[in-house]
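To start, the structure itself, in structure tokens.
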2 protein chains.
Amino acid sequence: MNKIPISDELINDLIKKSGLPGPGSASIREITHLVNLIEKATGMNFVRMEMGVPGLPAPEIGIEAEIDALKKGVASLYPDISGIPSLKKETSRFIKLFLNLDIRQEGCIPTVGSMMGGMVSFLVANRNDRTKEGTLFIDPGFPVQKQQVRMLGHDYHSFDVYNYRGKKLRAKLESYLKTGKISSLLYSNPNNPSWICLNEDELSIIGELCRKYGVIVIEDLAYFGMDFRKDYSVPGQPPYQPSVGHYTDDYILLISSSKIFSYAGQRIGIMAISDHLFNRSYPDLRRYYSSDKFGYSVIFGALYGLSAGVTHSAQYGMAALLKAVNDGTYRYRDDVKEYGEKAAAMKKMFIANGFKIVYDKDLDNPLADGFYFTISYPGMTGKELLAKLLHYGISAISLDITGSDREGLRACVSMVQKKQFTDLDKRLKKFNEDHPIANNN
Amino acid sequence: MNKIPISDELINDLIKKSGLPGPGSASIREITHLVNLIEKATGMNFVRMEMGVPGLPAPEIGIEAEIDALKKGVASLYPDISGIPSLKKETSRFIKLFLNLDIRQEGCIPTVGSMMGGMVSFLVANRNDRTKEGTLFIDPGFPVQKQQVRMLGHDYHSFDVYNYRGKKLRAKLESYLKTGKISSLLYSNPNNPSWICLNEDELSIIGELCRKYGVIVIEDLAYFGMDFRKDYSVPGQPPYQPSVGHYTDDYILLISSSKIFSYAGQRIGIMAISDHLFNRSYPDLRRYYSSDKFGYSVIFGALYGLSAGVTHSAQYGMAALLKAVNDGTYRYRDDVKEYGEKAAAMKKMFIANGFKIVYDKDLDNPLADGFYFTISYPGMTGKELLAKLLHYGISAISLDITGSDREGLRACVSMVQKKQFTDLDKRLKKFNEDHPIANNN
């Protein structure tokens, strides 16, 4: 039990048996699968940092609303594909109260998680102009969104934003957009995995250039309000979660319930389409849809065709959660800020044991503490580090699969229990002893 | 109130205002939207036959299991994309007990309704061979499945099976398959909208030819066990729901919860992939997915990318329903056979008032009474009939949009209440008086 390091034999044997690729190139789900096997074989509890899953229970408000809806008989009735009225209303309110943006209810549409929100966005935004080719990703980012684009047979481009922060972003961005081949641009803010946060100057550059080149912006707000350096959680009060919506006309917001509401299991997110984009006509959409209108193609084209709407009871759950947050009766930040506290403590331990933070600055400010942070170890590639840490009961994912230019790992704090901190510290110490850092590092 | 016929002015005005196309070419959802407007404007309750939605409450067994799962905290936890173990187990059992087929649990995968099951099937099955082009639909059929193929940029072919029943099916089918361009073949059994049921001879022809030409069969069982001429509902006892699975190796079953369990609201269905297909390698899949294995591409490619799995609580609901049916403690047929009884009564009224049943024979047998039937009126096209019936407080959809060669309408019985039968009869009589049938008909 708990013999550290775990032997190569045992791990390589499990990799061979499971038919998984080596840890370096493994996807998030594949790492999870491998770690499950190692835990089973060793009886050891890993410090699991590979999956971005909520580590908190779902708020009662949502659960109760779902149970109530089920008792009222929603299970037998097809939900309106465009969303139940209360959810559309509370989403529009939420966007006004926390982003200070105006999006009409018609454009506030539930999706089967933001995963589907991304898919629907690509299915429509990347077909609006036959002369364009696909999506530009501001990386590092969530690998599955590139998988979605690839699955649809679209092209994509991407660049690591870390060296193009602030004013430098303009030239870099324009070098892609001026080709005229970009249909849509996607980034997450706060950024998964680096946790850097694009600021108003950068968002205004993105908005201005996307307007100039007719590019639809897809703003992934999976970690809404989780830049804990600010409090974006007071309804109708500044500061507001920054958004590109203040700087361009044609944009889509992806609002996930998984992290701010710890609601990942019910698979519901919101795709909010700006009024201008919702009502905009793109004749080339008729190649795939019965209408040239963007909003109509999203609802009666893509969403209808993917799943005919979102689980009825889950829509009531999400509507109740948004209403509580809008009314100020539930403050989601009080629950999730624990992630930031854990991140601060864990980063300290890694640094104390010879690790470096890969993305360590947010422009000139220290990086926020949040859901993710990134680590490297002198003299090791990300793949090597991931493979070695597995022997010490620590799992994460390699930055290679996130479009990062840098060597290292993404660490997610959510599944790590505070009572595991002593284990983590011990394991990191042992790792550091076993892998002395040459002075030239 | 209830002035019949409703004036042209009123209806045309609503069509203009709503921006909907004329009734003839309107989709199912568009007809529903128009009828809602007419009901609102007239205060009249329509006899609504346009949408194939369950008319029964969802069984308590499913609701209770969902509520229990929510109370246990599943809402915060990402469901396994390939499905929770109990659902996979009960699905595999269900397929053995009611289809007499063996499909391993690994291939029994929940989808966000059979709608997504179709989408996933096309996303993988139609990409397995770069020299092929798409899907062959045995029509008439569900229009949205063709919309899905179109949305993915694939091709499709289709033919109306009514004139190619029995032995005639072979030559017709082979004329398409021998081109070598067909990736997958889809049909629903019982058939939506005609309610004809392919028999074992026909299924064996389909299976044999699809095996010969390397075509993946997608068998849509949305109306599982609803050919009420037989009782397919006794677990482990013949007769079994007929299936192509007895006649070919590479097939997918789409099992919907919407009709047999009246569970349409929770958006959960099952995609069951035959063992042979699940484990089959298609090198061309690597163009879109990280693996050449069919099953792996379905789960970690298409399903992961579309929604990252199915609502967690709904999986528990569906698992409980399947278990109850497998154990013989819940007999779904006792609930849904009411549809057949309504169909028999409603058909009589239509026939008594000059209507004809469009698809009136099932080979040499009288057609079964089920969820749908098809009607026409002498001297009128389907579009004309649909437009005129709206004036009499009766709604349906035109067969034009189902790939049918014939003129007429699809009528769904589920939303029609028995207490509306007298209204229906009155309205049909009035319609018949106002539209005398020429003797030559």
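Chain A is the first sequence line, chain B the second, and so forth, proteins listed ahead of strands; every chain is numbered from 1.
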Task: Portion of A/Lys259 that has a non-hydrogen atom of chain B nearer than 4.5 angstrom - done: side chain
Open item on the list: Determine whether B/Asn279 and B/Glu106 satisfy the following criterion, side-chain contact (heavy atoms from CB on, under 4.5 Å), listing intermediate values before the conclusion.
Closed with: CA-CA 10 Å; B/Asn279 295 299; B/Glu106 64 179 2; 3.6 Å; yes
TODO: Let me know which of A/Phe371, A/Tyr223, A/Tyr332 forms a ring-ring contact (aromatic ring centres under 6.0 Å, His included) with A/Tyr339.
DONE: A/Phe371
Task: Minimum-distance pair of heavy atoms, taken over all atoms of A/Pro143 and A/Ile401 - done: CG-O, 3.1 Å
Task: Pairs of heavy atoms under 4.5 Å with chain A: top-ranked of B/Met151, B/Met119, B/Gln148 - done: B/Met151
Open item on the list: Please classify the contact of A/Phe261 with chain B as side chain, backbone, both or neither, using a heavy-atom distance under 4.5 Å.
Closed with: neither
TODO: Would you kindly say whether A/Asp220 and A/Ser114 are connected by a side-chain donor-acceptor distance under 3.5 Å?
DONE: no
- [ ] Check whether A/Met116 gets within reach of chain B through its side chain, its backbone, both or neither, counting any heavy atom under 4.5 Å.
- [x] both
Open item on the list: What's the separation between atom OG1 in A/Thr111 and atom CG in A/Leu303, rounded to the nearest 0.5 Å?
Closed with: 7.5 Å
TODO: Heavy-atom pairs under 4.5 Å with chain B are the metric here; pick the option from A/Ala314, A/Ser290, A/Gly309 that has the most.
DONE: A/Gly309
TODO: Pick whichever of A/Val120, A/Leu306, A/Thr32 has the most heavy-atom pairs under 4.5 Å with chain B.
DONE: A/Leu306
Open item on the list: Need one label for A/Leu56: side chain, backbone, both or neither, based on atoms under 4.5 Å from any heavy atom in chain B.
Closed with: backbone
TODO: Answer yes or no: are there more than 12 heavy-atom neighbours, outside B/Tyr156 itself, under 6.0 Å from its atom OH?
DONE: no
Open item on the list: Enumerate the side chain to side chain donor-acceptor pair (under 3.5 Å) contacts for residues 296-305 of chain B, please, sequence neighbours excluded, ordered by first and then second residue.
Closed with: A/Glu30-B/Tyr296
Task: Most chain B-contacting option - heavy-atom pairs closer than 4.5 Å, from A/Val144, A/Leu152, A/Ile67, A/Val74 - done: A/Ile67
Task: Shortest non-hydrogen separation from B/Val310 to B/Pro79 and the atoms involved - done: O-CG, 3.2 Å
- [ ] Specify which of A/Pro54, A/Ala75, A/Gly55 makes the most heavy-atom pairs with chain B at under 4.5 Å.
- [x] A/Ala75
Open item on the list: As a quick check of understanding, evaluate side-chain contact (heavy atoms from CB on, under 4.5 Å) for B/Met115 and A/Ser307, giving each step before the final call.
Closed with: CA-CA 5 Å; B/Met115 188 71 91; A/Ser307 70; 5.5 Å; no
Task: Greatest number of heavy atom pairs closer than 4.5 Å to chain B - which of A/Ile81, A/Leu123, A/Ile268 - done: A/Ile81
Task: Heavy-atom proximity to chain B below 4.5 Å, by part of A/Ser258 - done: side chain
Task: Structural part of A/Leu77 lying under 4.5 Å from a heavy atom of chain B - done: backbone
TODO: Under 4.5 Å heavy-atom distance to chain B, tell me which part of A/Gln266 shows up: side chain, backbone, both or neither.
DONE: both
- [ ] Among the options A/Arg267, A/Arg127, A/His312, pick out the one with the most heavy-atom pairs lying under 4.5 Å from chain B.
- [x] A/Arg267
